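What follows is one structure encoded as structure tokens, with my remarks underneath.
Worth saying up front: this structure is predicted, and the values here are computed from it rather than measured.
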Amino acid sequence: MKLQFEPIHPTVDSSFTLLHYTEVSKAELLWHYHPEYELVYIPQGHGRRHIGQHISRFEDGELVLIGPDLPHLTFSYGQPVGTPFEEIVVQLRGDFLGTDFWDKPELAAIRQLLARSHEGLSFGGTTRTAVGPALRQLLSAPPFMRLLLLLQVLQELAQAPTTDIQPLHAGTGGQGLSGKEQQRLSRVYQFVEQNYQRASLSVQEVADVAYLSVPAFCRYFKKMTRHTLTDFLQEYRVGQACRLLLDDDLAVTEVCYSCGFNNLSHFNKTFRKFTGQSPTEYRRQRMGK
């Protein structure tokens with residue numbers, strides 16, 4: 001399997017990403033990596049666990065913390081569709097609460113936990129029992145409580161007994177890409193984050209950031225992400241639109257142009273493609289109207 005880069009965007013109204021899967025589905029990404037920390041809890045399900053150089057089996061209750069850029073296999077890999085399966089995933093960047101947040105003395109234990117996560121940490125039954133219910137509460141908690149619950153979960157993991165923590169990967173990460181390739185991807189994603197609001201954003205501009213010709217960049221980007229730049233931009237812009245639609249003071253038209261779409265019809269069509277709803281329907285559902 002080819003190693004692929006997974007672009008991750010925070011959940012709407014949140015500074016981190018929270019995912020909940022209740023069934024096995026065909027995964028687009030199998031062997032992949034990303035710069036975010038990833039906490040995976042699988043209340044129900046079993047299968048192949050492949051993190052870095054470690055390969056083993058996991059069973060119901062799997063709880064693992066994966067460090068940035070540590071390659072890993074999608075946990076539902078190889079399981080037939082329809083197999084009982086549930087997975088709760090939290091993904092967060094190291095600076096999701098600010099560049100100096102983890103330096104606070106009260107967070108020393110969590111800081112040490114995150115430093116060890118490059119090993120891929122699997123937690124035993126005692127920790128699973130303590131943390132599992134809190135991870136499930138994340139799914140229904142309002143934004144502020146969700147953040148507090150996440151910090152509580154990280155603190156519980158940081159205080160887990162040594163006998164309840166199993167390092168899975170003996171290496172130091174290393175997803176097989178050169179430093180040059182990592183820097184190139186970082187430049188591309190940073191450029192998109194800073195410029196997605198411009199409807200005039202062109203492939204040539206992004207290719208220039210990657211120091212590649214347009215044809216070479218298109219091949220490179222598709223190989224690394226399995227998306228064309230156009231598809232990625234559309235998905236990213238829709239994600240930003242979802243955030244803005246939670247502000248009832250903004251008209252849908254304002255949201256459209258603020259996210260880089262050049263006309264309302266295209267915005268509505270693209271938004272429905274990625275969410276299954278129109279912007280108005282999405283706002284009504286999320287705002288309870």
Side-chain angles (χ1 to χ4, degrees), residues 3 5-6 8 10 15-19 29 31-43 47-75 87-136 138 146-177 179 182 185-186:
L3 180 64
F5 178 86
E6 180 184 9
I8 291 174
S15 54
F16 60 92
T17 303
L18 178 63
L19 304 171
L29 289 170
W31 183 237
H32 63 284
Y33 74 100
H34 42 72
E36 290 79 6
Y37 296 91
E38 180 169 293
L39 179 61
V40 180
Y41 176 51
I42 303 178
R48 182 186 185 189
R49 177 172 59 190
H50 188 177
I51 298 173
Q53 299 168 347
H54 176 94
I55 301 176
S56 61
R57 296 281 300 176
F58 70 86
E59 303 295 336
D60 291 353
E62 171 75 353
L63 178 64
V64 63
L65 177 63
I66 302 170
D69 295 326
L70 180 58
H72 51 283
L73 187 67
T74 300
F75 282 82
E87 181 181 19
I88 298 172
V89 181
V90 176
Q91 298 164 323
L92 55 102
R93 297 186 70 94
D95 60 354
F96 87 113
L97 289 176
T99 55
D100 301 324
F101 181 76
W102 301 117
D103 293 335
K104 304 297 186 291
E106 296 87 349
L107 302 172
I110 297 179
R111 185 166 64 248
Q112 293 170 10
L113 170 77
L114 296 178
R116 289 193 62 193
S117 66
H118 69 270
E119 300 175 293
L121 304 177
S122 176
F123 296 88
T126 301
T127 306
R128 294 174 184 177
T129 300
V131 167
L135 284 170
R136 189 171 294 283
L138 285 175
R146 191 163 59 220
L147 178 59
L148 293 182
L149 278 169
L150 175 59
L151 293 177
Q152 176 185 327
V153 165
L154 292 174
Q155 182 66 11
E156 290 277 3
L157 296 178
Q159 295 177 333
T162 304
T163 54
D164 216 34
I165 304 176
Q166 177 190 4
L168 301 175
H169 174 65
T172 56
Q175 72 299 73
L177 292 180
Q182 294 181 52
L185 278 170
S186 295

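Taking all atoms of both residues into account, the shortest heavy-atom contact from V90 to L92 is CG1-CD2, 4.0 Å. Closest non-hydrogen pair, L121 versus P167, comes out as CD2-CA, 4.1 Å. Across all non-hydrogen atoms, the minimal contact from G61 to Y41 is O-CE1, 4.0 Å. Here the shortest heavy-atom pairing between G52 and L70 reads CA-CD1, 4.0 Å. Counting all heavy atoms, side chain and backbone alike, R136 lies closest to I88 at CA-CD1, 4.0 Å. The minimum heavy-atom distance linking L107 with W102 is given by the pair CD1-CE3, 4.0 Å.
Here the straight-line distance linking atom CZ of R146 with atom OG of S15 works out to 8.5 Å at 0.5 Å rounding. Atom OG1 of T129 and atom CG of D164 lie 8.5 Å apart (nearest 0.5 Å). How far OH of Y37 is from CG of L113: 9.0 Å, rounded to the nearest 0.5 Å. Summarising the geometry, atom CD1 belonging to I51 is positioned 9.5 Å from atom CZ belonging to F58; distances are rounded to the nearest 0.5 Å. Note that CZ of F123 is 10.5 Å distant from CD of E62, once rounded to the nearest 0.5 Å. Considering CG of L39 and CG of L150, their distance stands at 8.0 Å, rounded to 0.5 Å.
In terms of the side-chain contact (heavy atoms from CB on, under 4.5 Å) criterion, residue partners of A109 (sequence neighbours excluded) are, by chain and number, Q155, A158. Scanning for side chain to side chain donor-acceptor pair (under 3.5 Å) contacts around E6 gives H32, with sequence neighbours left out. Partners of S117 according to the side chain to side chain donor-acceptor pair (under 3.5 Å) rule, which considers only residues two or more places apart in sequence or in another chain, do not exist here.
For H118 (side chain) and G120 (main-chain N/O), no donor-acceptor pair under 3.5 Å exists by modelled atom type. For R49 (side chain) and S56 (main-chain N/O), no donor-acceptor pair under 3.5 Å exists by modelled atom type.
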Verdict with reasoning, I66 to L168, per side-chain contact (heavy atoms from CB on, under 4.5 Å): CA-CA 10 Å; I66 302 170; L168 301 175; over 6 Å; no

Verdict with supporting geometry, E156 and T127, side-chain contact (heavy atoms from CB on, under 4.5 Å): CA-CA 7 Å; E156 290 277 3; T127 306; 5.7 Å; no

Step-by-step side-chain contact (heavy atoms from CB on, under 4.5 Å) determination, F96 to T17: CA-CA 10 Å; F96 87 113; T17 303; over 6 Å; no

Trace of the side-chain contact (heavy atoms from CB on, under 4.5 Å) decision for L147 with L97: CA-CA 10 Å; L147 178 59; L97 289 176; 4.1 Å; yes

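Shown are I110, L114, I165, L63; of these, the side chain to side chain contact (heavy atoms under 4.5 Å, CB included) with L157 is made only by L63.
By the 4.5 Å heavy-atom criterion applied to side chains, F16 and E36 are not counted as neighbours.
Taking the six-membered ring wherever Trp is involved, the centroid distance between the rings of H72 and H54 does not fall below 6.0 Å.
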